[in-house]
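Lettering of chains follows the sequences in order, A, B, ..., and the numbering in each one begins at 1.
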Amino acid sequence: MSAASEPRFDFGRAEPRWQAEWDARGCFLAADVPTDGKPKYYVLEMFPYPSGKIHMGHVRNYTLGDVVARYKRARGFAVMHPMGWDAFGLPAENAALERGMHPAKWTRENITNMRAELQRMGLSIDWTREVATCDPSYYGHQQKLFLDFLRAGLVARRESWVNWDPVDGTVLANEQVIDGKGWRSGAPIEKKLLSQWVLKITDYAPELLAALDGLDRWPERVRLMQANWIGRSEGARLRFELEAPAEGAAADGIAGVEVYTTRPDTLYGMSFLAVAPEHPLADLAAARNAGAAAFIAECRSMGTSEAVIATMEKRGFDTGFRVKHPFIPDVTYPVWIANFVLMEYGTGAIFGCPAHDQRDLDFARKYDLSVVPVVVPAGEDAATFSVGNEAFDGTGVMINSGFLDGLAAPDAAKRAVIAELEARGVGQGVVNWRLRDWGVSRQRYWGCPIPVIYCDACGVVPVPDSQLPVCLPDDVTFDKPGNPIANHPTWKHINCPTCGGAARRETDTFDTFVDSSWYFARFCSPHSAAPVDRAAVDHWMPVDQYIGGIEHAILHLLYSRFFSRAMGKTGYMAVDEPFAGLFTQGMVTHESYRLGTGGNGTWLYPDEIEKLVDGTVVRRETGEPVTVGRVEAMSKSKRNTVDPGAIISRYGADTARWFILSDNPPERDIEWTESGVVGAYRFTQRLFRLAENAALLPAAAMPGSFGPAARGLRRAAHRAIQTVTEALEGFAFNVAVARMYELSNAVSDAEKAAVGGDDEGLDWARREAVEIAARLVAPMMPHLAEEIYARLHPGSSAIVAELPWPEADASLAAAELVTIAVQVLGKLRGTVAMAPGSTEADVLEAAAAEPNVAKLLEGKRIVKRVYVPNRIVNFVIAG
RNA sequence: GCGAGAGUGGCGGAACGGUAGACGCAGUCGACUCAAAAUCGACCGGCGAAAGUCAUGGGGGUUCGAAUCCCCCCUCUCGCACCA
């Protein structure tokens with residue numbers, strides 16, 4: 001057969017043709033409120049930010065979801081699989097600043113491009129449900145939800161600290177703060193207190209924690225991370241009286257400091273008290289002490305991110321104030337301002353017990369404060385136990401602690417000390433939560449306007465529902481510092497809806513996490529005049545399978561869980577948990593390349609380099625040497641990206657889908673390699689060729705009996721139905737791919753056996769196996785599957801996308817013999833082949849007779865015989 | 001720093017506590033070819049002539065049996081509240 005007549009899967013023609021066919025038949029449309037009686041299945045992947053082009057992470061995410069959607073459809077579910085755009089956010093404003101392009105135009109162009117790219121992937125998406133969060137027809141409903149939350153008491157106004165760039169006159173995201181400086185201006189950033197709208201997620205902290213137990217189709221680690229984030233702790237609040245009241249500027253002197261601790265049992269090990277730089281007592285210290293003021297000012301320039309605060313050097317300033325110990329008369333401790341104490345957690349003040357807390361110990365060693373152990377580990381001598389540079393935070397027995405001595409720490413001692421605090425009226429046991437209320441105000445243009453009005457006479461006035469949506473002004477400029485909406489000459493000026501007097505609009509917009517906290521509900525009825533249609537959400541919610549990156553394990557998922565409850569409270573929805581099943585995928589990584597040999601040259605794109613036969617890597621155009629860097633997440637800054645569009649053009653969507661599924665488990669990071677893609681491409685061609693050869697065989701009635709090769713092939717095919725199904729159910733897509741390779745190898749073997757051979761029924765079995773292969777591979781490579789099926793059934797109007805999932809014949813799939821491993825003392829010494837139903841006695845006899853095993857057993861006493869049916873025999877011998 | 005994961009041949013990985021390395025990629029040799037590509041066949045963890053033996057990041061433990069369960073350590077990844 002010459003190369004020219006070699007059958008080839010022409011993806012360039014086949015893929016658009018099948019996409020058009022699915023579209024024409026409406027294969028993937030769902031109804032808002034279906035009446036077909038089928039069980040529903042809602043598959044959702046995290047919607048993308050429209051950055052301009054899809055990246056490999058998207059290909060992976062949406063391929064995973066599409067496999068699930070297509071598989072569930074074949075299993076008889078009515079599947080809803082929508083797509084939309086998380087279209088508000090900072091990058092659009094950056095584009096405006098850098099290229100003078102309006103965020104709306106930039107975003108809409110990006111959406112158009114990315115939609116086309118996603119459509120080329122052959123995803124089984126109901127595009128009639130598409131929404132973009134930057135569209136007033138979406139965000140107007142969000143404003144309505146917010147106003148209903150406000151009326152329901154779920155919203156508050158509160159001050160909080162933000163990163164402030166004094167040069168750009170703007171608030172910075174944590175990621176825009178680099179080494180304490182603004183990324184654009186380079187100016188040292190400051191902490192600034194701003195009045196913000198918050199959603200009261202902490203009202204739901206206990207419930208959000210408790211309900212995690214019911215999320216049995218979520219990864220355990222995500223539930224753990226959320227539980228830790230919510231951070232329930234049991235401790236005590238206690239008040240320390242100042243030795244002498246601190247004089248305030250006015251009459252509001254401070255007489256004491258309230259502290260929250262999870263370890264009240266270590267109270268006798270105290271050596272200092274520390275307050276956050278933002279604490280009122282710190283303010284008082286600053287008022288009378290220039291050193292304190294300078295230290296606080298320094299702390300102000302260190303950013304608001306917890307990670308930054310926790311990793312920097314622990315530093316403090318002694319205010320000169322002293323507090324009294326609640327139980328020990330006449331003993332006082334210094335009050336420090338410390339840069340590692342968080343104003344947002346607990347009361348913004350701690351007592352320091354260096355012996356039993358690492359941060360306190362580091363601080364005490366730096367400033368030479370005393371370190372008194374009050375808990376000794378079991379087995380340690382109280383007289384000699386001391387703490388070096390490692391705090392002891394384990395369980396033990398109380399010492400040096402007055403009435404607590406001898407009690408078990410921490411639990412019994414905690415109970416005793418709390419009882420004493422309560423008896424003396426200086427403190428009480430409390431449950432504390434790490435979770436903070438959700439600040440949703442952003443001083444940015446490209447977001448959903450917060451629909452409130454400020455009136456000097458009436459105060460804060462919600463925008464009346466009839467005036468929604470509050471649309472963003474289009475005619476904004478980005479040439480001045482600050483928020484473009486606030487700078488707009490007229491937009492914010494409005495008459496108060498209550499009194500009619502002059503008033504101004506809120507110029508802050510919502511955090512984009514608000515947009516993504518309810519889009520899954522909107523997808524159920526994307527054209528509804530209300531935020532959601534109750535019948536539609538009642539039918540479709542919760543999402544049965546949600547798929548996205550692990551990087552969203554906490555914030556997005558927790559906010560969405562809160563939002564569903566808030567929408568429940570305001571009557572929009574009855575489902576508390578929006579995502580019944582969650583799958584978190586790994587990242588897509590690639591080698592990175594830098595010009596030169598020092599590893600610090602310009603980053604190069606993968607298609608700018610060439611790997612020579614001797615293993616060295618050079619720049620293709622110039623031959624300059626290139627350093628191959630580590631494999632890491634694809635990112636624009638490192639230029640280690642691969643453009644999915646180019647891959648699809650060159651190898652086809654099925655190849656891209658197949659590779660991204662094949663190489664490793666979906667929850668793990670995947671390294672994109674060119675050779676892997678070529679391998680995937682070869683498989684599409686191989687499967688097509690095998691299938692087409694079989695399709696050329698005459699279609700005939702099923703024979704009455706089959707020869708050995710035909711029986712073997714049928715066994716392989718029916719086993720593949722079982723194993724591929726099992727793998728898909730378990731999200732083990734890489735295993736499903738491996739099973740498909742095994743089936744194609746079996747078809748290939750049969751093709752060879754057919755040459756010259758005369759095996760009864762082999763032609764029929766080949767056609768059967770190839771049809772099974774097409775239907776099993778369809779969720780993963782849908783275009784190829786259709787193409788094969790069409791060759792097998794010329795003239796038929798049936799398509800794989802509308803066919804049910806194949807059923808395995810278990811009797812055909814069963815093995816004729818099983819191999820049982822035989823061990824002696826746990827080491828493999830041989831195998832025996834047995835019929836599947838063999839008795840234990842028969843298997844043990846055959847195992848003992850295996851020559852190698854018999855040799856080892858000779859003259860020995862068998863102490864124990866371990867027998868695991870169909871798997872293993874282990875002889876434990878003595879003597 | 002705190003919280004959460006991951007680590008198996010040259011590479012990606014497979015493996016209800018039960019034959020470690022399925023399947024793929026790369027590679028080596030061979031067939032076909034004028035040649036190349038494609039395709040097909042054989043080999044493919046280390047040591048050893050073989051019998052064997054050592055091997056799942058490192059060190060301990062539980063078990064008849066551990067990649068899998070427990071403890072300690074190392075390395076890498078994710079999150080840390082205004083990136084999405």
**Q** For A:Arg719, what residues pass the salt bridge (Lys or Arg N to Asp or Glu O under 4.0 Å) criterion, not counting sequence neighbours?
**A** none

**Q** Whether the side chain of A:Gln176 and the base of B:rC82 hold a donor-acceptor pair under 3.5 Å is what I'd like checked.
**A**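 No, the side chain and the base share no sub-3.5 Å donor-acceptor pair.
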
**Q** Among A:Val171, A:Leu194, A:Ile450, A:Val440, find the one that has a side chain to side chain contact (heavy atoms under 4.5 Å, CB included) with A:Asp508.
**A**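 With A:Asp508 as partner, A:Val171, A:Leu194, A:Ile450, A:Val440 yield a single side chain to side chain contact (heavy atoms under 4.5 Å, CB included), made by A:Ile450.
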
**Q** Please confirm whether the shortest side-chain N or O distance from A:Lys827 to OP1 or OP2 of B:rC54 is below 4.0 Å.
**A** yes

**Q** Given atom CZ of A:Arg434 and atom P of B:rG79, what is their separation to the nearest angstrom?
**A**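 Interatomic distance, CZ of A:Arg434 to P of B:rG79: 15 Å.
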
**Q** Tell me, what's RNA chain B's dot-bracket, Watson-Crick or G-U with both distances under 3.5 Å, | for other-strand, [ ] crossing?
**A** (((((((..(((.....[....))).(((((.......))))).(((....)))..(((((..]....))))))))))))....

**Q** Heavy atoms from C-beta onward define the side chain here; which of B:rG18, B:rA84, B:rG41 lies closest to that of A:Arg871?
**A**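 The listed nucleotide nearest to A:Arg871's side chain is B:rG18.
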
**Q** Check whether any side-chain N or O of A:Arg442 sits under 4.0 Å from OP1 or OP2 of B:rA84, and answer yes or no.
**A** no

**Q** Output yes when at least one side-chain N/O atom of A:Arg682 is less than 4.0 Å from OP1 or OP2 of B:rC40, else no.
**A**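 Answer no for this pair, as no side-chain N or O of A:Arg682 is under 4.0 Å from OP1 or OP2.
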
**Q** A:Asn174 side chain N/O closer than 4.0 Å to the phosphate oxygens (OP1, OP2) of B:rA81?
**A** yes

**Q** Round to a whole Å and report the spacing from CD of A:Glu742 to P of B:rC23.
**A** 6 Å

**Q** Is the shortest side-chain N to carboxylate O distance from A:Asp437 to A:Arg158 below 4.0 Å?
**A** yes

**Q** Measure all distances between protein nitrogen or oxygen atoms and nitrogen or oxygen atoms of nucleotides 10-13 of chain B, and list the pairs falling under 3.5 Å.
**A**
residue	atom	partner	partner atom	Å
B:rG12	O2'	A:Asp663	O	2.3
B:rG12	O2'	A:Asp663	OD2	3.4
B:rG13	OP1	A:Asn664	ND2	3.3
B:rG13	O3'	A:Asn734	ND2	3.2

